[in-house]
Structure formats: structure tokens, C-alpha cells
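Reading through the C-alpha cells given below for one structure.
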Amino acid sequence: MISRIDLRGDTLPEGGDLRDLLPRAEFDVEAALEKVRPLCEDVRHRGTAALIDAAETFDGVTLERVRVPAKALFDALEALDPAVRAALEESIRRARLVHRAQRRSSHTTQVVPGGTVTEKWVPVGRVGLYAPGGRSVYPSSVIMNVVPAQEAGVESIALASPAQKEFGGLPHPTILAACALLGIDEVYAAGGASAVAMFAYGTPGPDGCAPANMVTGPGNIWVAAAKRYFTGRIGIDAEAGPTEIAVLADATADPVHVAADLISQAEHDPLAAAVLVTDSAELADAVEKELEPQVAATKHIEDRVVPALSGRQSAIVLVDSVEDGLRVVDAYGAEHLEIQTADAAALAARVRNAGAIFVGPYAPVSLGDYCAGSNHVLPTGGCACHSSGLSVQSFLRGIHIVDYSEEALAEVAHHVVTLAEAEDLPAHGAAIKARFAWKVPGK
């Protein structure tokens with residue numbers, strides 16, 4: 001069901017050579033870009049009419065309007081299963097605790113007497129948040145997008161999620177209920193690349209959507225391609241690819257836990273990646289054995305779990321030592337990294353590349369997906385080597401405020417002029433000289 005990659009016996013290669021040995025899903029955003037281009041431009045030119053046509057083509061529903069009525073949000077919350085509501089409320093509470101602590105405050109540095117630089121943090125003005133609604137419904141993604149934006153102080157927040165035929169063209173009611181719990185009343189039944197285009201260009205009309213400064217949220221390859229298409233026009237969080245889990249484990253790990261965690265990510269998508277890195281051949285054998293009954297007992301077997309586990313993106317990677325395993329997971333840069341070893345906390349402190357790290361047998365990825373308080377919108381495809389998950393910081397911009405007195409400028413003016421002349425930019429120097437009757441101290 002799952003392949004093996006044996007890296008034992010040889011010295012592990014460095015950098016890109018090691019990454020090339022590890023499994024990864026094919027995710028060709030560039031090829032998808034050409035397919036989403038006409039959809040995006042259709043929204044640009046025809047606005048809401050293009051969104052309605054896209055919903056009919058891709059979601060099989062005929063919409064009268066794209067914006068979700070306020071009553072639908074209220075009704076969805078009223079009809080929500082009390083147990084689901086309680087779970088969503090607890091997820092929101094924990095996420096607020098973590099994200100509120102990420103808030104940034106302005107800081108002023110006195111560089112010299114009379115010369116200061118202040119860094120102030122300003123939230124983006126308006127964001128468009130995307131909650132997927134294809135193979136599964138993700139109210140948890142509503143929480144993970146909305147909470148950091150709210151805690152950052154974003155004043156205008158809109159959310160889009162695909163229209164659902166089963167629910168009369170509205171997004172899934174649990175998505176709507178989550179929006180109501182969070183106080184988000186601007187919601188659109190729009191999915192995929194068209195939703196991103198709606199946020200990027202805006203749509204006119206009384207039920208139209210104002211353009212956003214930034215779009216965040218997970219999605220399929222078409223969402224990722226649309227984000228790439230609009231890079232430069234709007235800010236984005238990331239071009240999210242298929243979800244992935246890597247588990248670094250030794251002989252102390254419980255194969256039942258490891259197998260269950262691999263399957264938990266495999267059920268997202270047939271391209272989902274499930275990777276076990278271990279120095280224990282016995283654990284590898286036990287996990288393989290344990291996968292069979294657990295897969296047989298789960299849902300989404302043929303359309304997601306089996307294709308994901310048997311695909312080129314998933315594998316059991318055998319290494320000579322846990323130290324080698326640490327090098328492997330750092331090279332892989334997993335979206336989710338579980339460490340189930342005898343010294344899990346110490347190893348976690350040494351990991352450099354991961355979207356989120358889950359320490360020990362009682363911190364599975366499923367906890368982070370819903371109720372750990374951490375964010376589950378995380379970098380995929382190895383991007384954890386250079387990017388972070390969604391946070392309050394994602395919605396903030398640092399702006400420097402430079403405040404120098406005449407005396408403070410005079411003290412450093414000759415250095416500025418010297419550097420301007422060294423770069424053959426004499427007008428830069430002239431702008432300094434003009435403030436001192438063309439006479440700069442020290443020149």
C-alpha cells in the first residue's frame with residue numbers, strides 16, 4: 001500500500017540532492033495558470049455574471065445572487081448541532097488565545113540624539129478569505145483565516161466558499177454558522193479561481209464585492225494558480241499544495257498511532273502526502289501491517305486514502321539513525337511534522353524546517369487541525385524551508401517612521417553624501433546639501 005525508500009548504509013547527501021530523494025506530489029501550478037486565466041479575466045469583465053456562470057459550470061447550481069443573505073447566516077447558526085457549535089466555540093477560544101499573543105506593538109529606536117526610527121504595525125485594510133468546499137467542508141479553515149485577521153485589526157473581512165447544490169446554492173451551512181459565530185457577515189457563494197478573482201478585481205453592484213488587498217486560505221490547484229496569477233495585484237499567504245504529514249519516529253513509537261496519523265492526512269485528497277521517517281525497521285513493518293485494518297475501517301478509501309498512501313508522494317523512509325532522520329525531515333520541510341521518539345521535545349527544538357511541529361504521542365496533527373490553538377493554514381511542498389504558516393503577522397505591515405532633527409542630520413550628512421557619490425547618484429547628495437546651504441560638515 002505504501003512504498004519504501006531505504007537511505008541506510010550510505011552517507012546522506014546534502015541540500016537539494018537529499019530533497020530529490022524524498023517523495024513529493026506532482027503539483028504543476030504553472031500548467032494550471034493557463035486554465036484559470038480566462039476564468040479570472042471573465043470575472044474582471046463581467047463581474048457577478050461570471051461568478052454565476054462559474055457556479056453553474058463547476059458546482060452545478062444556478063444562483064440568483066452570489067452574496068449570502070444575512071438571514072442564511074443566522075438560520076445556519078440556529079440550526080447548528082449544539083455539539084458542533086460547542087466544538088467550534090472552543091476552537092475559536094483557543095485560536096484567539098494563541099493569535100492574540102502574536103500582536104505586534106510599535107517600537108522606537110533612538111539611533112542618535114535627535115534621530116529616531118519607529119516601526120509601527122498597520123493591518124491591511126481589507127482581506128478576502130477562502131474556505132474550501134470540494135471533497136470536504138472546512139469550518140475549521142474559517143476559524144484559522146478569520147481569527148488572525150481579526151486579531152491583527154483588519155477592519156474589512158469577506159469570506160468566500162463554493163456554492164453547494166445540496167444547500168440551494170449556498171455554501172455549506174456549517175461554514176455559514178462558523179462565519180456567524182465569528183461575526184463575519186460578508187460571505188459569498190463563490191469557489192476556486194473565480195472567488196480569488198472576485199477578491200482581486202471586485203465586482204460592482206449592490207451585492208458586489210469590493211476589491212481586497214490580500215487573499216488567504218487553502219484550496220486546490222486552481223486556487224493556487226489564481227493566487228499566482230494575481231501576485232503583485234493582491235497579497236497572498238501562499239500557493240498551498242496538497243496537504244502532507246511527515247512522522248519522525250523511533251522504536252518507542254506506537255505503530256497504531258503512527259498508522260492512524262498517516263491515514264488522517266491521506267483522507268484529505270488523493271494527492272495528500274504521508275511520510276514516515278524511521279531508524280527502526282521493526283516499526284516500519286508494524287506500521288505497514290497496521291495500515292491495512294485501519295484503512296479498511298475508515299471512510300473515503302478508494303477515492304482518497306488508498307491513492308494517497310500508494311502514490312509517489314507517500315513513503316516509509318528508512319534511515320540509519322534518528323540524527324539522520326532529523327536531517328531528512330529538515331530537507332523535506334513538511335507542512336505537518338510529528339516527532340514520536342524517546343526524546344521528542346529535544347528533537348523538536350532542533351528542527352529548522354516545518355510548518356508546525358507536533359511533539360510526542362499526544363499531540364497528533366488532528367489536534368492542530370481543530371483545537372490546539374495553533375493555525376492549520378501552513379506552507380506545503382517544501383515551502384516551510386522559507387515560509388511560515390498563517391498568523392497575525394500575515395495581516396500586518398511594518399512601516400518605518402524616520403524622524404531626524406537638523407543637528408542629527410548634520411552629524412551624518414557627510415556619510416550620506418559620500419555614499420551617494422560612490423553610487424553615482426549625485427542628486428541624492430544634493431538633497432542633503434540643500435539643507436545646509438550646500439555646505440556639509442566634514443566636506
Side-chain angles (χ1 to χ4, degrees), residues 1-26 242-266 272-292 294 308-365 378-386:
M1 183 180 299
I2 189 168
S3 63
R4 288 199 184 194
I5 298 173
D6 195 339
L7 300 181
R8 295 173 298 178
D10 296 320
T11 302
L12 291 178
E14 299 290 337
D17 291 335
L18 179 53
R19 284 195 298 272
D20 290 344
L21 296 177
L22 303 178
R24 190 77 74 183
E26 288 188 18
T243 190
E244 56 200 25
I245 180 176
V247 181
L248 175 58
D250 62 14
T252 67
D254 187 329
V256 174
H257 296 170
V258 175
D261 294 350
L262 296 176
I263 294 168
S264 74
Q265 292 306 111
V275 177
L276 167 62
V277 181
T278 183
D279 65 338
S280 170
E282 292 76 15
L283 177 69
D285 292 340
V287 169
E288 272 197 287
K289 184 177 179 181
E290 186 61 37
L291 282 173
E292 293 185 14
Q294 288 198 34
L309 292 176
S310 60
R312 59 177 291 176
Q313 70 273 17
S314 300
I316 295 174
V317 181
L318 292 168
V319 292
D320 283 318
S321 66
V322 171
E323 283 296 315
D324 282 349
L326 182 60
R327 288 184 57 198
V328 168
V329 296
D330 256 342
Y332 184 70
E335 177 189 17
H336 309 96
L337 172 62
E338 289 186 0
I339 301 183
Q340 299 192 36
T341 63
D343 53 350
L347 275 176
R350 295 171 58 200
V351 172
R352 295 183 59 85
N353 303 324
I357 305 170
F358 299 82
V359 182
Y362 299 105
V365 168
L378 300 167
T380 60
C383 291
C385 295
H386 54 72

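Values reported hereafter were calculated over all heavy atoms of this structure, with side chains retained and with hydrogens, waters and symmetry mates removed.
- The backbone N or O of R8 sits nowhere less than 3.5 Å from a side-chain atom of D320 that would complete a donor-acceptor pair.
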Steps toward side-chain contact (heavy atoms from CB on, under 4.5 Å) verdict (V287, L276):
CA-CA 9 Å; V287 169; L276 167 62; 4.0 Å; yes

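- Here the closest non-hydrogen pair linking L248 and T341 is O-CG2, 3.6 Å.
- Between E323 and D279, every side-chain heavy-atom pair lies at or beyond the 4.5 Å cut-off.
- For R19, the side-chain hydrogen bond (donor to acceptor under 3.5 Å, both in side chains) criterion is met by no residue, not counting sequence neighbours.
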Start with the C-alpha gap between D324 and L7, add the side-chain angles, then the distance that decides, and say whether side-chain contact (heavy atoms from CB on, under 4.5 Å) holds.
CA-CA 9 Å; D324 282 349; L7 300 181; over 6 Å; no

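- The shortest heavy-atom contact between G325 and V277 is CA-CG1, 3.8 Å.
- Taken from CG in N353 to CG in D330, the straight-line distance is 4.5 Å, to the nearest 0.5 Å.
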Begin from the C-alpha positions of I339 and V359 and carry the test side-chain contact (heavy atoms from CB on, under 4.5 Å) through to its verdict.
CA-CA 5 Å; I339 301 183; V359 182; 5.6 Å; no

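- To the nearest 0.5 Å, the span separating CD on E288 from CG on L283 amounts to 10.5 Å.
- Taking both residues in full, the closest heavy atoms of E338 and D261 are given as OE1-OD2, 2.7 Å, listed atom of the first, atom of the second, then distance.
- A donor-acceptor pair under 3.5 Å links the side-chain atoms of H336 to the main chain of E244, judged by distance alone.
- The backbone N or O of C385 lies less than 3.5 Å from no partner atom in the side chain of R352, so there is not a single donor-acceptor pair.
- Remark: the backbone N or O of A315 is not paired with any side-chain donor or acceptor of S3 at under 3.5 angstrom.
- Although no hydrogens or angles enter the test, the distance criterion places a donor-acceptor pair under 3.5 Å between the side chain of R24 and the main chain of Y332.
- Between L262 and L309, the closest heavy-atom pair is O-CD2, 4.3 Å.
- Nearest heavy atoms, A284 versus T278: CB-CG2, 4.2 Å.
- The two residues S314 and P23 come nearest to each other via the heavy atoms N-CB, 4.0 Å.
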Assess whether side-chain contact (heavy atoms from CB on, under 4.5 Å) is satisfied between L326 and V351, documenting all intermediate values.
CA-CA 7 Å; L326 182 60; V351 172; 3.7 Å; yes

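- Residue pairs meeting the side chain to side chain donor-acceptor pair (under 3.5 Å) criterion with at least one member in residues 248-258, sequence neighbours excluded, are D250-T252.
- Here the OG-CG distance, from S310 to L291, works out to 11.5 Å after rounding to the nearest 0.5 Å.
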